[in-house]
Colleague: 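Before anything else, here's the structure in question.
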Amino acid sequence: MGTQAPEDVVERLRVEMHYDKPIFIQYYYWFKNVLRGNLGISLVTKHPVLEDISELFPATFEIALYAFIFIAVVGTAIGVFSARYSNSWVDNLGRIFAYFGIVTPQFVFAIMGMLLFCYVFKILPSMGRLDPTLTYPAKITGLITIDALLQGNFIVFFDALKHLILPVLSVGLGGMAQSTRITRTSVYNNMRKDFIAAAQSYGVPDRVIMFRDLLKVSMNPTVSILGLQFATTLSNAFLVELIFNWPGFARYGMTAMLQKDLNAISGVVLTVAIFVMLGNIFADIVNSFLDPRVYLLSTSKE
Amino acid sequence: MEKSLLEVKDLNLHYVVFGGSLKVLDGVNFRVGFKENIGIVGETGCGKTTTMKAIMRILGMTTAKISKGEILFKERDVLKMNEAEVQKFRRREISMIFQDPTAALNPVFSIKSQIYNVIKYSQGTEKKLTKKERKDLATKALSDVMLPDPERVLENYPIQLSGGMRQRVCIAMALLSDLDLLIADEPGTSLDVTIQDQILELLNELVRKKGISIILISHALGIIKNITHRTYVMYAGFMIEAAKTTELFSNPLHPYSKGLIASVPTLVGRGISNGIPGHIPNYSNPPLGCRFHPRCSYTMPICKVEKPPFLTVSDTHQVACWLFKKEGDKIGK
Amino acid sequence: MENSNILTIKNLKKYFFTQKGIVKAVNDIDISIKEGEILGLVGESGSGKTTVAYTVVGLYSPTSGEIIFRNQNIGNEGKNRSIKLKQEIQIVFQDPGTSLNPARNIYQILEVPLKVHGIKNRDKKIKELLQTVEIPEDYIHKYPQMIGGGERQMISIARALASNPSLLILDEPTSALDVSIQAKIINMLLQLQKNFNLSYLFITHDLSLMRNIASTVSIMYLGKICESAKCKEFFEKPLHPYTQMLLSSIPVLTDAEEDIKPKKVKSIGEIPSPVNIPSGCSFHSRCSKKMDICSKEDPIMAEISAGHFVRCHLFKQIEL
Ligand SMILES: Nc1ncnc2c1ncn2[C@@H]1O[C@H](COP(=O)(O)OP(=O)(O)OP(=O)(O)O)[C@@H](O)[C@H]1O
Ligand SMILES: Nc1ncnc2c1ncn2[C@@H]1O[C@H](COP(=O)(O)OP(=O)(O)OP(=O)(O)O)[C@@H](O)[C@H]1O
Ligand code: SF4
Ligand SMILES: [Mg+2]
Ligand SMILES: [Mg+2]
């Protein structure tokens with residue numbers, strides 16, 4: 001509306017948007033609308049926020065999902081190996097790598113990765129989700145890789161994958177470093193337990209012991225951390241999306257913040273919050289499957 | 001000399017710990033003959049379990065390091081076996097019943113999945129069992145060790161079982177595979193004597209039927225007396241006395257063995273003795289000479305400087321103590 | 001008369017509800033422990049001894065029945081016990097390996113109860129505790145998995161003693177220890193008992209040990225007490241067939257002991273399950289003196305002579 005707007009117009013708008021009411025009444029109106037699926041209109045794009053978000057979210061979710069899988073699988077595997085070969089070069093390398101990963105901000109990875117792979121070696125694309133010469137597959141889930149797979153379009157699939165590599169790694173490295181360290185500590189503590197020696201004594205191969213017996217007892221702290229990290233990957237995408245010019249909702253949120261677009265900001269925050277909640281609930285459920293003691297003790301003692 | 005099934009020669013082992021090492025085994029020597037039941041007794045923390053784990057080569061995931069010694073099983077050195085040989089050795093020739101059944105069962109797997117896993121690997125890959133055969137095998141293994149309703153036990157997780165039930169599950173798993181040598185580390189501690197009796201009977205039957213040998217570690221000297229032929233007394237990482245079991249209990253020679261046997265509570269009800277004064281040495285800095293000398297009431301000057309060798313007192317009795325050195329004895333093995 | 005009991009358990013039941021049926025782990029038992037007494041609770045594995053112990057310390061809430069501690073019924077309080085009560089009743093667990101937190105060193109393990117119970121001057125107290133259980137002081141930096149099973153159990157005992165309890169429940173505290181250390185611990189426990197007038201509920205399988213320290217011995221079988229008597233009488237005149245089977249199976253070292261044991265009763269029969277308890281007397285499936293009535297009717301506890309109780313059809317209540 002600009003700073004030049006006449007007083008009465010501003011006043012009318014204030015009343016219309018309930019800005020004249022106390023803060024908790026405002027909250028009430030906002031919440032009532034949210035429950036109805038109405039997040040208001042973005043002041044910048046002039047579209048309903050919900051529409052904007054559902055349009056842009058899949059792009060971000062694609063990064064977050066792959067980053068999360070990367071964190072969970074690679075992080076845990078390196079953790080197990082570092083514990084098994086503790087204080088060997090594997091462990092030391094893992095440790096250096098982890099500290100590096102934890103202290104370095106995501107955007108540094110993004111920029112360095114971009115310089116190295118896009119400009120020096122020229123093997124990875126630097127912008128967007130898909131090569132401009134290709135057309136997006138018909139929207140089913142909104143995740144290009146999955147949509148392409150579902151439609152059997154492998155050219156698009158591989159191209160989308162190529163575009164994902166750098167953003168996913170930049171978002172995921174920090175989290176992976178964390179889950180590596182946590183898994184390592186937990187596995188390391190369980191490794192000396194008698195049940196591991198017992199499993200060895202029955203002739204169970206080391207490989208099976210590591211990834212079956214040892215991993216299941218040690219996963220508890222890792223899963224809890226993963227639950228938190230699921231949402232963290234979303235918020236980590238913010239700067240990374242800007243760098244890679246990724247048409248996702250993080251970039252949308254970023255713009256909204258810079259423009260003080262309140263409705264859009266609260267929409268983005270709400271989405272992240274929902275994911276924080278889902279992540280934690282999911283972690284608790286997985287944990288009670290992994291470790292029967294959690295529910296056995298709470299039920300049998302009653 | 002008759003052939004041995006197992007011979008441990010001068011085994012030295014230490015655990016690497018933060019800021020140093022614990023020299024836990026200091027030249028362990030012993031042998032087990034074919035179809036022979038051996039007892040090992042000794043103070044808590046003297047290294048019995050560690051020795052047995054070293055024999056099975058299952059210390060790999062701990063910080064233990066073997067610095068010296070040989071473990072000959074049927075004349076092959078276990079320490080020099082490659083990975084495939086070790087697996088075969090563990091699956092076909094040797095089994096161990098672990099001391100603390102709660103620690104030896106994985107808390108996050110049901111008994112069923114733990115037993116099935118053992119069946120899968122110990123039975124080898126050549127025989128593919130059907131689901132039913134596998135279940136029957138597991139159920140039978142559990143009822144063999146006198147567990148009431150094995151079906152329930154299979155579905156349970158370790159915390160849902162009593163201590164004695166867990167112990168029997170461990171015994172059942174150890175007996176599932178073929179074996180020539182059974183290491184039983186305190187197999188009866190959490191069982192009442194009637195069940196203990198039945199389990200020992202089961203072990204005896206195995207000995208009779210399959211001709212296996214047993215190493216029995218126990219603090220219950222009565223059990224040792226009932227089922228072993230020969231017994232070793234261990235103290236702070238080495239064997240201090242070896243004798244025919246009956247001879248050991250009627251005529252212990254080493255000052256430690258004497259104290260140990262005097263500490264057994266009796267049914268006659270004479271009260272409880274005071275035990276042996278002092279405690280097991282600190283392994284990061286163990287005493288020189290005889291490791292028992294700080295606690296011994298007969299200590300002589302030589303005890304503080306030189307480790308006593310295994311002296312032969314009679315055909316069936318050896319002891320590592322300077323008190324029994326006779327004039328003209330050759331020093332050495 | 002009632003007042004001299006530190007702990008009275010009346011009609012205590014504790015059932016576990018599992019997918020495979022109801023486990024009647026403790027099925028209507030009465031136990032009383034006098035101030036300064038050692039009650040030996042002996043019984044088959046899985047007969048419910050640990051469950052009794054857990055219920056008394058409040059880790060399990062009873063299904064029904066009363067637990068009376070110094071005239072105060074504490075059964076219903078379950079986990080919500082006051083700190084005071086928790087200080088008074090302490091437990092030493094059966095498995096030294098798993099009851100200590102592997103992520104804490106000995107100092108931290110011993111510090112926890114001292115902190116909880118607000119005891120000052122903790123460094124000194126920890127040193128004293130270690131001395132009482134004869135563990136060298138430099139162990140405070142070690143972690144449980146680094147020390148032998150026996151040493152761990154001593155730490156558990158030290159931890160239980162930290163809050164100066166008056167009733168100590170010992171669940172097989174020495175079954176992992178060698179006899180010489182067992183002797184030392186027992187002597188220490190006896191000494192502590194004298195000095196502070198402690199009472200012990202001592203759970204064990206070792207009848208020879210009970211012979212030497214218990215004031216009263218109770219035998220448990222499948223969730224029920226089947227015989228209970230003063231120690232001397234119990235060993236001289238065991239009555240219940242299960243008790244006789246137990247005593248005759250004790251492995252002993254000397255001939256003198258062999259002579260005291262009842263004639264060998266061979267252990268036979270399947271051990272019944274607590275889900276599916278046999279009808280009548282629960283021991284009848286293994287009993288060598290079984291009569292017709294045994295499989296039909298559950299015997300009731302009878303006082304055969306003063307303070308000697310037996311639950312078996314072979315014996316009838318004396319006229320008092
Ligand atoms: N993983 C480990 N790391 C460091 N030290 C260890 C480890 N395992 C055992 N030890 C030490 O080795 C010594 C011997 O332990 P071991 O378990 O072999 O004794 P034990 O004779 O079996 O005793 P017990 O009768 O109590 O079973 C103990 O003093 C213990 O502190
Ligand atoms: N949390 C639980 N859930 C289900 N069943 C249980 C649970 N705890 C114990 N039980 C069952 O209750 C019965 C009694 O167990 P308890 O541990 O009290 O025996 P115990 O007398 O201490 O035996 P032991 O001498 O072997 O330690 C067993 O059949 C056991 O399987
Ligand atoms: S060698 Fe010496 S110190 Fe060792 S036991 Fe014999 S007399 Fe005692
Ligand atoms: Mg041991
Ligand atoms: Mg128990």
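Here the structure is a predicted model, which means the values were calculated and not measured. Here is how names work: the chains are called A, B, and so on, in the same order as the sequence lines, proteins then strands, and each is numbered from 1.
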Colleague: Under 6.0 Å from the ring centre and within 45 degrees of the ring axis: does the NZ or CZ of Lys14(C) meet both conditions for the six-membered ring of Phe16(C)?
Modeller: yes
Colleague: Run the side chain to side chain donor-acceptor pair (under 3.5 Å) test against Thr50(B) and tell me which residues pass, sequence neighbours left out.
Modeller: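 So Thr50(B) forms a side chain to side chain donor-acceptor pair (under 3.5 Å) with Tyr15(B).
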Colleague: Which atoms of Pro277(B) come close to chain C, meaning under 4.5 Å heavy atom to heavy atom: side chain ones, backbone ones, both, or neither?
Modeller: backbone
Colleague: Using a 6.0 Å distance limit plus a 45 degree cone around the ring axis, check whether Lys23(B) lies over the aromatic ring of Tyr283(B).
Modeller: no
Colleague: So for Asp138(C), is it side chain, backbone, both, or neither that comes closer than 4.5 Å to the heavy atoms of chain B?
Modeller: side chain
Colleague: For Gln167(B), is it the side chain, the backbone, both or neither that has a heavy atom under 4.5 Å from a heavy atom of chain C?
Modeller: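 For Gln167(B), neither part sits under 4.5 Å from chain C.
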Colleague: Would you please go through residues 242-250 of chain C and name the residues with a non-hydrogen atom below 4.5 Å from one of chain B, in numerical order?
Modeller: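 Interface residues of residues 242-250 of chain C: Tyr242(C), Met245(C), Leu246(C), Ser249(C), Ile250(C).
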Colleague: Can you check whether Tyr54(C) and Phe93(C) have ring centres sitting under 6.0 Å from each other?
Modeller: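 Yes, the ring centres sit under 6.0 Å apart.
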Colleague: Looking only at heavy atoms and a cut-off of under 4.5 Å, which of Cys231(C), Ser180(C), Ala256(C) has the most pairs with chain B?
Modeller: Ser180(C)
Colleague: Check each atom of Glu43(B) against the heavy atoms of chain C and say whether the ones under 4.5 Å are side chain, backbone, both or neither.
Modeller: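 Both backbone and side chain.
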Colleague: Is the cationic atom of Lys225(B) (NZ for Lys, CZ for Arg) positioned less than 6.0 Å from the six-membered ring centroid of Phe249(B) and within 45 degrees of its normal?
Modeller: no
Colleague: Please state whether the side chain, the backbone, both or neither of Asp197(B) comes within less than 4.5 Å of a heavy atom of chain C.
Modeller: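 It is the side chain, since no backbone atom gets that close.
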Colleague: Got a sec, which residues hit side chain to side chain donor-acceptor pair (under 3.5 Å) with Thr246(B), two or more places apart in sequence or on another chain?
Modeller: none
Colleague: Side chain, backbone, both or neither: which part of Leu209(C) has a non-hydrogen atom closer than 4.5 Å to chain B?
Modeller: both
Colleague: Using heavy-atom distances under 4.5 Å, tell me whether Val42(C) contacts chain B through its side chain, its backbone, both, or neither.
Modeller: neither
Colleague: Please classify the contact between Leu260(B) and chain C as side chain, backbone, both or neither, with a heavy-atom cut-off of under 4.5 Å.
Modeller: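 Backbone plus side chain of Leu260(B), per the 4.5 Å heavy-atom cut-off to chain C.
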Colleague: Lys232(C): which residues meet the side chain to side chain donor-acceptor pair (under 3.5 Å) condition with it, sequence neighbours left out?
Modeller: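 Testing Lys232(C) for side chain to side chain donor-acceptor pair (under 3.5 Å), a comparison that skips the adjacent residues, returns Glu236(C).
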Colleague: Check this for me, if you would: do Lys261(C) and Glu258(C) make a salt bridge, where the nitrogen-to-carboxylate-oxygen distance has to be below 4.0 angstrom?
Modeller: yes
